[in-house]
**Student:** 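Supplied in C-alpha cells, the structure appears directly below.
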There are 2 protein chains.
Amino acid sequence: MDESDALEALAALAQPTRLNTFRLLIASEPDGVAAGELARAAKAPQNTMSAHLSVLANAGLVRGVRRGRSILYRADLARFRALVVFLTQDCCAGRADICAPLFADLATCRNSGEAADA
Amino acid sequence: MDESDALEALAALAQPTRLNTFRLLIASEPDGVAAGELARAAKAPQNTMSAHLSVLANAGLVRGVRRGRSILYRADLARFRALVVFLTQDCCAGRADICAPLFADLATCRNSGEAADA
DNA sequence: CACATAAATCCATTAATCTGGAAATATGGA
DNA sequence: TCCATATTTCCAGATTAATGGATTTATGTG
C-alpha cells in the first residue's frame, strides 16, 4: 500500500453508497453478497451500483467472482487493514506518544469481540 | 464521529496535496506549521493551499490559530483517531476474528515507538 | 497613517465524479 | 434454440471538486 493506493482507497470510501456497501460487505464476510442484492440494499439502479463496485474493485477493496448468473462480491479485508495501517503509520512512526491513545480506543473494540479473557 | 463526519474526513484525505499536508501536520505535532509554509512545502499557490486547508478544517482534521501575521495549522489527532476507530469498528463489531490481524499489523507500529519493553 | 506581509475570499475555468437510460454480454433453464 | 435473469458497458447530462489570478481582510512595523 503506497500513497497512490491509499488515495484510491480513500476516494473509493468517500462516497455514501460505496461506504455503506463496503460496510455491508465486511459484515457479510466471508459469504459475500451478489451485485443485485447490493443494489437493492442501497436502493440504487443496477448500473449505478455496478459503477460503484467497479470503483471499489479498482481500489482493491472488494472483489467479485461469478457464481452462476450472479456475481458475488466480497470485501478484501487485507487491503482494508493495509489502508488502516498506512494511515496510522503516519502518526506512529517514531511518535508512539501521539499514537498511544489510538490503541486505547481500539482496545474497546478488541475486547468486545473476545469473550471475557485475560 | 458519525457516518457523515467519516465521509467528510475520507473525502478530505482523498486528495494528494491534502493527504501530504495532513501527514506533514501530524509529523509536526505539537508545534504546527503556518499556512504559507504548508503552501511552500506542497509547491502550491497560497490560495490553493488555503482552499485545501479549509476542506481539512471543515472535516475537523486540522485547526488553524492566528499567531501574529501567520495562521498556524495543527492536526487534530483526536479527530483522526476517531476516523480510524470508525473504520475499524465496521470490521470489529462482533467479529474479532476478522479484525484480529489488524492488531497484529498495528503491533509492529506500536512497538517501533516503545523502547524494548515487556 | 503608510507600507509590507500573511492568509482568506471571490470568481471563472477546467477536470472529474455521479447518475441512470439503453444496449450489450454472460449464464442457466425449457 | 429461445427466453429470462444478472451484470456490465456505453454514453450523455448534471453536479461537484480543483485550480489559480485578482482582490480583500488582518496583522505588524516604522
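Reminder, nothing fancy here: chain letters follow the sequence lines and each chain counts from 1.
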**Student:** Can you confirm whether B:L102 sits close enough to B:T88 that some side-chain heavy atom of one is under 4.5 Å from a side-chain heavy atom of the other?
**Tutor:**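 Yes, their side chains come closer than 4.5 Å.
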**Student:** Starting at CD of B:E8 and ending at C1' of D:dT16, how long is that distance when rounded to a whole Å?
**Tutor:** 14 Å
**Student:** Side chains of B:D2 and B:D5, heavy atoms from C-beta outward: is any pair under 4.5 Å?
**Tutor:** yes
**Student:** For residues 30-40 of chain B, which side-chain N or O atoms pair as donor and acceptor with protein atoms under 3.5 Å away, sequence neighbours left out?
**Tutor:**
none

**Student:** Which nucleotide of DNA chain C is the first, and which the last, in the 5' to 3' direction, to come under 4.0 Å of a heavy atom belonging to chain A?
**Tutor:**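 In short, chain A contacts DNA chain C from C:dC18 to C:dG28.
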**Student:** Does any part of the side chain of A:R74, heavy atoms only, come nearer than 4.5 Å to the side chain of A:V62, both counted from C-beta?
**Tutor:**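 Side-chain contact under 4.5 Å: no.
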**Student:** Identify every side-chain donor-acceptor pair in residues 9-20 of chain A under 3.5 Å, counting partners at least two apart or on other chains, and give the distances.
**Tutor:**
| unit_1 | atom_1 | unit_2 | atom_2 | d |
| --- | --- | --- | --- | --- |
| A:Q15 | OE1 | A:T17 | N | 2.9 |
| A:Q15 | OE1 | A:R18 | N | 3.1 |
| A:R18 | NE | A:A12 | O | 2.7 |
| A:R18 | NH1 | A:H52 | ND1 | 3.1 |
| A:R18 | NH2 | A:A11 | O | 3.2 |
| A:N20 | ND2 | A:P16 | O | 3.2 |
| A:N20 | ND2 | B:E3 | OE2 | 3.2 |

**Student:** Counting only heavy atoms and a strict 4.0 angstrom limit, can you tell me which residues of residues 35-55 of chain B come near DNA chain C?
**Tutor:**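 Correct list: B:A35, B:G36, B:Q46, B:N47, B:S50.
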**Student:** Going 5' to 3' through nucleotides 25-30 of chain D, assign each nucleotide B (protein heavy atom under 4.0 Å from a base atom), S (under 4.0 Å only from sugar-phosphate atoms) or - (no protein heavy atom that close).
**Tutor:** -SBS--
**Student:** What heavy-atom pair brings B:F22 and B:A75 nearest, and what distance separates the two atoms?
**Tutor:** CE1-CB, 3.9 Å
**Student:** For the pair B:E29 and B:L77, evaluate side-chain contact (heavy atoms from CB on, under 4.5 Å) and give the outcome as yes or no after the intermediate values.
**Tutor:** CA-CA 9 Å; B:E29 274 297 291; B:L77 295 173; 4.0 Å; yes
**Student:** I want to check one thing: is the phosphate of D:dT19, taken as OP1 and OP2, less than 4.0 Å away from some side-chain N or O of B:Q15?
**Tutor:**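 The answer is yes; a side-chain N or O of B:Q15 sits under 4.0 Å from OP1 or OP2.
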**Student:** What's the verdict on side-chain contact (heavy atoms from CB on, under 4.5 Å) for A:M1 and A:V85, showing C-alpha distance, side-chain angles and the deciding distance?
**Tutor:** CA-CA 9 Å; A:M1 170 83 45; A:V85 169; over 6 Å; no
**Student:** Below 3.5 Å, can you tabulate the donor-acceptor pairs from side chains in residues 41-49 of chain B to any protein atom, sequence neighbours excluded?
**Tutor:**
none

**Student:** Should A:F103 and B:F103 count as side-chain neighbours, where that means a heavy-atom distance under 4.5 Å?
**Tutor:** no
